[in-house]
Amino acid sequence: RDLPLKLNQWNNVVRWEFKNPIPFLRTREFLWSEGHTAFSNQKEAEQEGKDIIELYDAVCREVMALPSLIGRKTEKEKFAGAEYTISMEFYMPNGKAIQGPDFHHDGQKFAKAFDIQFVDEKEKKQYVYQNTFAISTRMLGVMFAIHSDEKGLVIPPMIAPDTIAIVPIFDDKNKKMVLKEAERIADELEDFGVILDDREEYRPGFKFNEYELKGIPLRIEIGPRDLEKDSVMVVRRDTGDKESVKITSLKKYVEKTLTDIQSNLLKRAEKMLKGAVISVGSLNGLIDGVKNRKICLVDLCSSVSCEEDLKHKTNGAKVLNIDDKKNVKGKCVICSKKAVYVGRVGKSY
């Protein structure tokens, strides 16, 4: 009756074992949300894997505008002690892949090792089936790297703490009039998360740069000339496009444009990911693909030694995960024996 047991923990992790920490992506200390669950039967435990990956994928795609390559890890790359690992792999603009959220089905391995049992309906002791899964602050680093540009951050509206920065432009003569309308517009758009920057010690150009650097999705500029036309100037962070918008239709325009920005960022990331994945049929093709910063789809056998050989011959690439939607067509490109899966191979953080 106590099962399934589902525990969720938010905590920080400190790791000292690696040599080259990378800001946001692989730091000595990071934060994560980690799930630990125990079930009375294998079917329910494995079904949770599908639910969790679907949830993580929804968060990444719909909130952070980040598409990924989802698949099972190889025996060499899976979580130590797990029956299998499902991972989400992301492609970075510098040509490297990086692992995001993952799910590990641990089966009864840890239950038997640590004697984790329950009493079933027949009053008999049984070992539980366990899962572990997590998402970490690494995903912020992935989001920063994939969406941002030379001006600074680009933050998707769905995750941005503030989606609009209003910059009033005025002098001593029209200050009162401009600020009054800027405050009214800020109140009207309050639900979207608004910054009204009425600081007088900074020029408008400084403020424009600041909000571009911070990745605020929309900037609204309002000055005396705009007020004469009953309009404001709206600037998109993702494209830099500017448009004069009537104040009476501003709220609807903002709502639609924020949706467009969210959609555009996802489409842009999907295009980059799609362009990075290629199919190769030989070892030389794999080596060239890795050199060209691609993720290569390649036929492989299940041998761990072949994976180790692959890493050596490609100067550091590895099997990110398995593409189970692709059919095996040939032989393993490393040993020429019968291939059993199509692996996604690339260099990774």
Side-chain angles (χ1 to χ4, degrees), residues 15 18-32 53 56-74 77 85-102 134-156 158-160 212-215 237-239 261-280 286-298 310-311 314-323 343-349:
R15 286 182 173 170
F18 58 91
K19 296 179 181 179
N20 300 304
I22 301 167
F24 295 113
L25 299 178
R26 189 164 177 77
T27 49
R28 298 258 181 237
E29 181 176 15
F30 57 90
L31 307 176
W32 67 4
I53 290 296
Y56 284 154
D57 187 42
V59 169
C60 291
R61 293 180 67 88
E62 296 169 20
V63 179
M64 306 179 82
L66 297 173
S68 66
L69 301 170
I70 299 172
R72 187 180 292 213
K73 285 282 192 182
T74 63
E77 295 293 333
T85 292
I86 305 294
S87 75
M88 297 171 64
E89 307 288 335
F90 297 81
Y91 181 76
M92 306 286 268
N94 67 351
K96 279 190 175 183
I98 187 165
Q99 185 176 321
D102 53 17
I135 186 171
S136 80
T137 45
R138 164 183 283 191
M139 292 313 303
L140 293 176
V142 176
M143 183 182 74
F144 298 157
I146 288 178
H147 297 315
S148 302
D149 57 26
E150 69 280 357
K151 292 180 180 179
L153 295 177
V154 176
I155 301 180
M158 285 290 289
I159 201 171
E212 285 177 345
L213 184 69
K214 291 180 176 179
R237 178 63 183 87
D238 62 329
T239 61
I261 292 172
Q262 186 77 28
S263 175
N264 180 50
L265 290 175
L266 178 59
K267 286 177 183 175
R268 227 159 55 177
E270 285 177 330
K271 184 179 179 181
M272 182 177 71
L273 178 61
K274 187 177 180 181
V277 180
I278 61 170
S279 293
V280 297
L286 175 61
I287 292 170
D288 289 342
V290 170
K291 279 183 182 177
N292 291 321
R293 301 181 177 183
K294 300 294 185 181
I295 293 175
C296 301
L297 299 176
V298 61
L310 179 152
K311 189 171 185 177
T314 58
N315 194 28
K318 70 177 185 179
V319 182
L320 306 171
N321 60 23
I322 296 168
D323 188 343
R344 297 181 176 117
V345 177
K347 290 202 172 180
S348 176
Y349 282 99

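Heavy atoms only: backbone and side chains are in, while hydrogens, waters and symmetry mates are out.
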Check for a donor-acceptor pair, side chain of [X] on one end and backbone N or O of [Y] on the other, with a separation under 3.5 Å.
| X | Y | result |
| --- | --- | --- |
| K347 | N315 | yes |
| H147 | G215 | no |
| K311 | V319 | no |
| R344 | V277 | no |

Where at least one partner belongs to residues 89-102, residue pairs that pass salt bridge (charged side-chain N to carboxylate O under 4.0 Å, His left out), sequence neighbours excluded: K73-E89

For the [atom1] atom of [X] and the [atom2] atom of [Y], what is their distance to the nearest 0.5 Å?
| X | Y | atom1 | atom2 | answer |
| --- | --- | --- | --- | --- |
| F30 | T137 | CZ | OG1 | 7.5 Å |
| E270 | S68 | CD | OG | 10.0 Å |
| T314 | D288 | OG1 | CG | 12.0 Å |
| L297 | I322 | CG | CD1 | 12.5 Å |
| I98 | R138 | CD1 | CZ | 4.0 Å |
| E77 | N321 | CD | CG | 10.0 Å |

Atom CZ of R293: over 12 foreign heavy atoms under 6.0 Å: no

Atom CG of N94: over 12 foreign heavy atoms under 6.0 Å: yes

Below 4.5 Å, heavy atoms only, C-beta onward: do [X] and [Y] meet side chain to side chain?
| X | Y | result |
| --- | --- | --- |
| C60 | P101 | yes |
| P93 | M272 | yes |
| L69 | D323 | no |
| L320 | S87 | no |
| R268 | I146 | no |

With sequence neighbours excluded, what pairs up with [X] under the side chain to side chain donor-acceptor pair (under 3.5 Å) test?
| X | result |
| --- | --- |
| Q262 | none |
| N264 | D238 |
| D149 | R237 |
| E29 | N12 |

Contact summary for P67 and A65, nearest pair of heavy atoms: CD-O, 3.7 Å

Got a list of side-chain donor-acceptor pairs under 3.5 Å for residues 18-25, not counting sequence neighbours?
none

